[in-house]
Structures are given as structure tokens and as C-alpha cells.
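Side chains included, hydrogens not; waters and symmetry mates left out as well; all remaining heavy atoms used.
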Amino acid sequence: YPGVKNLLETLTARKDVMLGLVTGNVEACATIKLRQFDLHGHFVLGAFGDDHADRGDIARLALRRVRDRLEPGRKIGGLFLIGDTPFDIAAAKSIHATSIAVATGKFDVSALRTAGADHALADLSDTNQVLRLLGLL
């Protein structure tokens, strides 16, 4: 999708960002999909559909894994979940994360706003816009 690769490369290069994957896909399927588009090297951790059936539980597990990986004395400065469905928006709410919804799937920007997204974008093509939303610019 437009902008995904550039955004991931930009975020991966930063020392103050940890990227995790939250997906309803089982881990093996997620890995295949990420490798298909050469995106697999950007995520340091994840939580998957084979961990839990509920997306909120998957997000909570991912957050636990993030906390477990933090260096002693480090805290989470900002928590964001980027996704393309109302399930992703609900998962963000379940961990008190800011949701950035992207209309690259079945749901348009209006539907994602109606579902309660904190921010709704057509796509991720404007890396600087996303970085601003993440508080990194």
C-alpha cells in the first residue's frame, strides 16, 4: 500500500521507536505476508491470531511484550496502533493507544471515523503527516 515501506523504513531507523505487529492472522501466515512484500525485518515483536482470538487480547499481549523488551528505566512515551478495520480501532482503545486508521482495506475514511478512529487517513503515502501524528516531527 502507498507509503507503508517508506514509513516502516523511517520508523525502523529511529532509536526511540519500537515497532510491533498486532494481527488476527496466525504468526506463520503473517510472516509469509510480510516476507512477500519485504516488510518482515521491521517488527521486533508481535502478537497474533494464534495467541488469542480477540483482537483486544492480541493487542494487550503485544503491549506486554513491548514492556518486557524495554530497557530498565525506560518507559513508553507514546502508544499507537495503525490498522485498517474497526477491529483495529477497538484494539487500540483496549490498550489506551491512539488509533490511526488507514482506508486501504474494506473500510473508507468515513467508516473508520464513525468507528471511533482518533485519526483516519486514505493511505500512508505522506510519511511526514504520519510522523506528525506520532509526535515524531
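L39 and Y1 fall within the same hydrophobic cluster, defined by Ile, Leu, Val, Met, Phe, Trp and Tyr side-chain heavy atoms under 4.5 Å apart, directly or through other members. With hydrophobic clusters built from ILVMFWY side chains whose heavy atoms lie under 4.5 angstrom apart, V102 shares a cluster with L19. Note: the hydrophobic cluster containing L21 also contains V17 (ILVMFWY, side chain heavy atoms under 4.5 Å, direct or indirect links). A continuous path of hydrophobic side-chain contacts links L7 to I100 [ILVMFWY only; heavy atoms under 4.5 Å]. Under the 4.5 Å side-chain contact rule for hydrophobic residues, L112 and V109 do not share a cluster.
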With side chain to side chain contact (heavy atoms under 4.5 Å, CB included) as the test, would you mind laying out the steps for H42 and E9 before giving the verdict? CA-CA 7 Å; H42 297 286; E9 289 170 354; 3.7 Å; yes
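The heavy-atom pair separating I58 from G24 by the smallest distance is CD1-CA, 4.1 Å. The shortest non-hydrogen separation linking L34 to F43 is CD2-CE1, 3.9 Å.
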List the atom pairs, donor and acceptor, that lie under 3.5 Å between side-chain atoms in residues 119-137 and the rest of the protein, sequence neighbours left out.
{"unit_1": "D123", "atom_1": "OD1", "unit_2": "S125", "atom_2": "N", "d": "2.9"}
{"unit_1": "D123", "atom_1": "OD1", "unit_2": "S125", "atom_2": "OG", "d": "2.6"}
{"unit_1": "D126", "atom_1": "OD1", "unit_2": "N128", "atom_2": "N", "d": "3.3"}
{"unit_1": "D126", "atom_1": "OD1", "unit_2": "Q129", "atom_2": "N", "d": "3.0"}
{"unit_1": "T127", "atom_1": "OG1", "unit_2": "N6", "atom_2": "ND2", "d": "2.7"}

Please set out all donor-acceptor pairs under 3.5 angstrom arising from side-chain atoms of residues 85-95, sequence neighbours excluded.
{"unit_1": "T85", "atom_1": "OG1", "unit_2": "F87", "atom_2": "N", "d": "3.2"}
{"unit_1": "T85", "atom_1": "OG1", "unit_2": "D88", "atom_2": "N", "d": "3.1"}
{"unit_1": "T85", "atom_1": "OG1", "unit_2": "D88", "atom_2": "OD2", "d": "3.1"}
{"unit_1": "D88", "atom_1": "OD1", "unit_2": "R55", "atom_2": "NH1", "d": "2.7"}
{"unit_1": "D88", "atom_1": "OD2", "unit_2": "D84", "atom_2": "N", "d": "3.0"}
{"unit_1": "D88", "atom_1": "OD2", "unit_2": "T85", "atom_2": "N", "d": "3.1"}
{"unit_1": "K93", "atom_1": "NZ", "unit_2": "G116", "atom_2": "O", "d": "3.1"}
{"unit_1": "S94", "atom_1": "OG", "unit_2": "R60", "atom_2": "NH1", "d": "3.3"}
{"unit_1": "S94", "atom_1": "OG", "unit_2": "A91", "atom_2": "O", "d": "2.6"}

Output a table of donor-acceptor pairs, distance under 3.5 Å, between side-chain atoms of residues 70-81 and any protein atom two or more places apart or on a different chain; print 'none' if there are none.
none

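Under the side chain to side chain donor-acceptor pair (under 3.5 Å) criterion, R14 pairs with D16, sequence neighbours left out. In this view, R65 and L45, A47, D51, L61 satisfy the side chain to side chain contact (heavy atoms under 4.5 Å, CB included) rule, not counting sequence neighbours. Qualifying side chain to side chain donor-acceptor pair (under 3.5 Å) partners for D54, counting only residues two or more places apart in sequence or in other chains: none.
Here CD1 of I32 is found 12.5 Å from NE2 of H40. Values are rounded to the nearest 0.5 Å.
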